[in-house]
Trainee: 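Below you will find the structure I want to go over with you.
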Amino acid sequence: MIELDDIDRQLLRALVRDATLSAGALGRRCGLSQPAAWRRLRRLRDSGAINGRQLVLDRAALGFGVTVFLGIKLDRKSHVSLEDFERAVSAIPEVQLVEHVLGRFDYRLRIVARDLADFERLLRRRIMTLPGAGEVEANVLLSEERLPGPL
């Protein structure tokens, strides 16, 4: 684990808000020169504290108006391996996130669909036919607030 000081946290908060900021712009926001900001960013990347950059797409603007969180409990009688289930579910393009979790369900999926009818088709034709799929619970996303994280 890397030791973070207040300036490191400032840099990370600024990057979470806008990952396109240059080292010079970050330095100006945090009271550093461009080379000092660049060195700190390199240290944060090398340590693994920064792990890539991400593009955030507007799902609704792309025609995907419904997001559903799906809990899936594997059917214990099927004897399907976790790897086989994960490989099959990861092949479905509408599945954006696959999380293996503890609790009532074995997996939690984040799925996008054009509308509820599209989601129902996806559920019946793709999700319920997955190897080992058992009990399923769906929660439709109503709204989302992105928070900057623990910094």
Trainee: Would you say E144 has more than 12 foreign heavy atoms packed within less than 6.0 Å of its CD?
Mentor: yes
Trainee: Mark yes when over 12 heavy atoms from residues, nucleotides or ligands other than R43 sit less than 6.0 Å from its CZ; otherwise mark no.
Mentor: yes
Trainee: Excluding sequence neighbours, so at least two apart, what forms salt bridge (Lys or Arg N to Asp or Glu O under 4.0 Å) with D58?
Mentor: none
Trainee: Considering residues at least two apart in sequence or located in another chain, which fulfil the salt bridge (Lys or Arg N to Asp or Glu O under 4.0 Å) criterion with E86?
Mentor: none
Trainee: side-chain contact (heavy atoms from CB on, under 4.5 Å) between I92 and I111: does it pass, once the steps are laid out?
Mentor: CA-CA 9 Å; I92 302 171; I111 298 173; over 6 Å; no
Trainee: Please say whether more than 12 non-hydrogen atoms of neighbouring residues, nucleotides or ligands are located less than 6.0 Å from CZ in R29.
Mentor: no
Trainee: Going by heavy atoms in the side chains, are D8 and I2 under 4.5 Å from each other?
Mentor: no
Trainee: Among residues at least two apart in sequence or on other chains, which ones pass salt bridge (Lys or Arg N to Asp or Glu O under 4.0 Å) with R114?
Mentor: none
Trainee: Sequence neighbours left out, what passes salt bridge (Lys or Arg N to Asp or Glu O under 4.0 Å) with R28? Give chain and number order.
Mentor: none
Trainee: Mark yes when over 12 heavy atoms from residues, nucleotides or ligands other than D5 sit less than 6.0 Å from its CG; otherwise mark no.
Mentor: yes
Trainee: Other than W38, what residues sit in its cluster of Ile, Leu, Val, Met, Phe, Trp and Tyr side chains whose heavy atoms are under 4.5 Å apart, directly or through others?
Mentor: none
Trainee: Taking side chain to side chain contact (heavy atoms under 4.5 Å, CB included) as the definition, give me every residue that meets it alongside L55, ordered by chain and number, with sequence neighbours left out.
Mentor: L57
Trainee: Kindly determine whether D106 and R76 satisfy side-chain contact (heavy atoms from CB on, under 4.5 Å), including the steps that lead there.
Mentor: CA-CA 11 Å; D106 298 308; R76 300 292 177 230; 2.9 Å; yes
Trainee: Going through the distances and angles, do F85 and L74 end up as a side-chain contact (heavy atoms from CB on, under 4.5 Å)?
Mentor: CA-CA 9 Å; F85 177 82; L74 297 180; 3.6 Å; yes
